[in-house]
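Shown next, in structure tokens, is the structure this report addresses.
Counting starts at 1 for both ligands and their atoms, in listed order.
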Amino acid sequence: MHALTDKVAIITGASSGIGRAAALLFARNGARVIAGARRQAELDNLVAQIRAAGGLAYSVVGDVRDESFAQRLVQRAIEQFGGLDIAFNNAGITGEMGPTPGISAAGWQEAIDTNLTSAFYGAKHQIPAMLEKGQGSIIFTSTFVGHTVGFPGVAAYAASKSGLIGLTQALAAECGPKGVRVNALLPGGTLTPMAHTMNGTPEALAQVASLHALKRLAQPDELAQAALYLASDASSFMTGAAMLVDGGMSINRT
Ligand code: NDP
């Protein structure tokens, strides 16, 4: 018996980084996975890898900015696996960065739509399916940025990601009486394509690593392990939390 035996899990942002690592880890732990993102080839590769290891997975290609994508993910979970237990709403972008007076309205909106409105769409369609089962775990990937740490040049990212924490608290209060838990995962710097986009040079990556108490960036699997904890019954009394898994970024002053 594994931590997620017979559980059905939607994971967005599964084509890369933290989401991909979580899809592989959840499947290894017995979950039946519905993997979502825009890039078909990457999802095909992931699904093949899960199946080769004896797991069960399907992909759904789409854009988290479309409400219909959230709907299709839930429909697929119900059609293929008979319901939904876990949703790791993890897809995200850094969006337009730089001094705020230079940020375009479209750049601002893209970050809000991709990082925050997507989470509302996800929850809106995931909650009814979880209520059918009388239980469930919803996880949003937020960040320390805009919550415990202020950085210049990331206004849209920080605002969209801290909005997820308000959403987490509201939904946790709303859904708790019905057995559905809602938590936010707040990673520190993690070695994924996003980290390379945000920090273009090895020197910049090393500088960010040095801001963490552990003096390194995380491997995607270390965040996947934290998501597994929030998804599983190991965290059965946890809801409404903003869980920092940030290598000490938030408390470090050296
Ligand atoms: P990656 O860039 O490796 O992965 C991002 C994922 O999001 C991809 O699978 C991408 O898939 C998907 N995605 C982006 N936009 C959309 C969209 N419009 N529709 C559907 N899918 C989309 O980044 P990470 O793994 O690092 O990021 C995962 C989450 O972790 C993000 O929410 C990020 O903000 C957060 N985070 C990351 C940190 C880090 O240091 N890496 C630190 C703190 C938080 P595709 O392009 O195929 O659509």
**OP:** Verify salt bridge (Lys or Arg N to Asp or Glu O under 4.0 Å) between Glu42 and Arg20, making sure each step is shown before the conclusion.
**Re:** CA-CA 9 Å; Glu42 279 76 0; Arg20 187 176 203 282; over 6 Å; no

Does ligand 1 come near enough to [X] that some N or O of the ligand is less than 3.5 Å from an N or O of the residue?
| X | value |
| --- | --- |
| Val64 | yes |
| Phe144 | no |
| Thr143 | no |
| Thr114 | no |
| Gly13 | yes |

List every atom of ligand 1 that sits less than 4.0 Å from any heavy atom of [X], numbering the atoms from 1 in the order shown and giving each element.
| X | answer |
| --- | --- |
| Lys161 | 31 (C), 32 (O), 33 (C), 34 (O) |
| Ile18 | 25 (O), 30 (O) |
| Gly189 | 40 (O) |
| Ser15 | 8 (C), 9 (O), 10 (C), 11 (O), 45 (P), 47 (O) |
| Gly17 | 3 (O), 25 (O) |

Looking at ligand 1, is there an atom of it that comes within less than 4.0 Å of some heavy atom belonging to [X]?
| X | answer |
| --- | --- |
| Met198 | no |
| Ser118 | no |
| Gly62 | yes |
| Arg65 | yes |

Measure from [atom] to every heavy atom in [options] and give the option owning the shortest one.
| atom | options | answer |
| --- | --- | --- |
| atom 35 (C) of ligand 1 | Thr141, Asn90, Asn115 | Thr141 |
| atom 1 (P) of ligand 1 | Ala119, Ala35, Ser16 | Ser16 |
| atom 38 (C) of ligand 1 | Ala195, Gly92, Gly188 | Gly188 |

Original post:
For atom 13 (N) of ligand 1, what is the nearest protein heavy atom, given as residue, atom name and distance?
Top reply: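 The closest one turns out to be Ala91 CB, 3.8 Å.
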
**OP:** For atom 48 (O) of ligand 1, find the nearest protein heavy atom and state the residue, atom name and distance (0.1 Å precision).
**Re:**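 Protein heavy atom at minimum distance: Arg38 NE, 2.6 Å.
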
Distance only, no hydrogens: is a donor on one side chain within 3.5 Å (strictly under) of an acceptor on the other, for [X] and [Y]?
| X | Y | result |
| --- | --- | --- |
| Gln219 | Thr190 | no |
| Lys215 | Thr254 | yes |
| Gln75 | His125 | no |
| Asn199 | Gln207 | no |
| Asn89 | Gln126 | yes |
| Ser118 | Arg65 | no |

If we set the cut-off at 4.0 Å for heavy atoms, which region of [X] has an atom near ligand 1: side chain, backbone, both, or neither?
| X | answer |
| --- | --- |
| Ile93 | side chain |
| Tyr157 | side chain |
| Ser142 | backbone |
| Thr192 | side chain |

Subject >> Cation-pi geometry met for Arg51 and Tyr58 (6.0 Å, 45°) >> reply: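 Relative to the ring axis of Tyr58, which defines the angle, Arg51 lies inside both limits.
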
**OP:** Check whether any side-chain heavy atom of Val208 lies under 4.5 Å from a side-chain heavy atom of His212, and answer yes or no.
**Re:**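 Touching, per the 4.5 Å side-chain cut-off.
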
**OP:** May I ask you to test the Ile138-Met130 pair for a side-chain heavy-atom distance under 4.5 Å?
**Re:**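 Heavy-atom side-chain distance check passes, below 4.5 Å.
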
Subject >> Charged N-O contact under 4.0 Å between Arg72 and Glu79 >> reply: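 So Arg72 does not pair with Glu79 through a salt bridge.
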
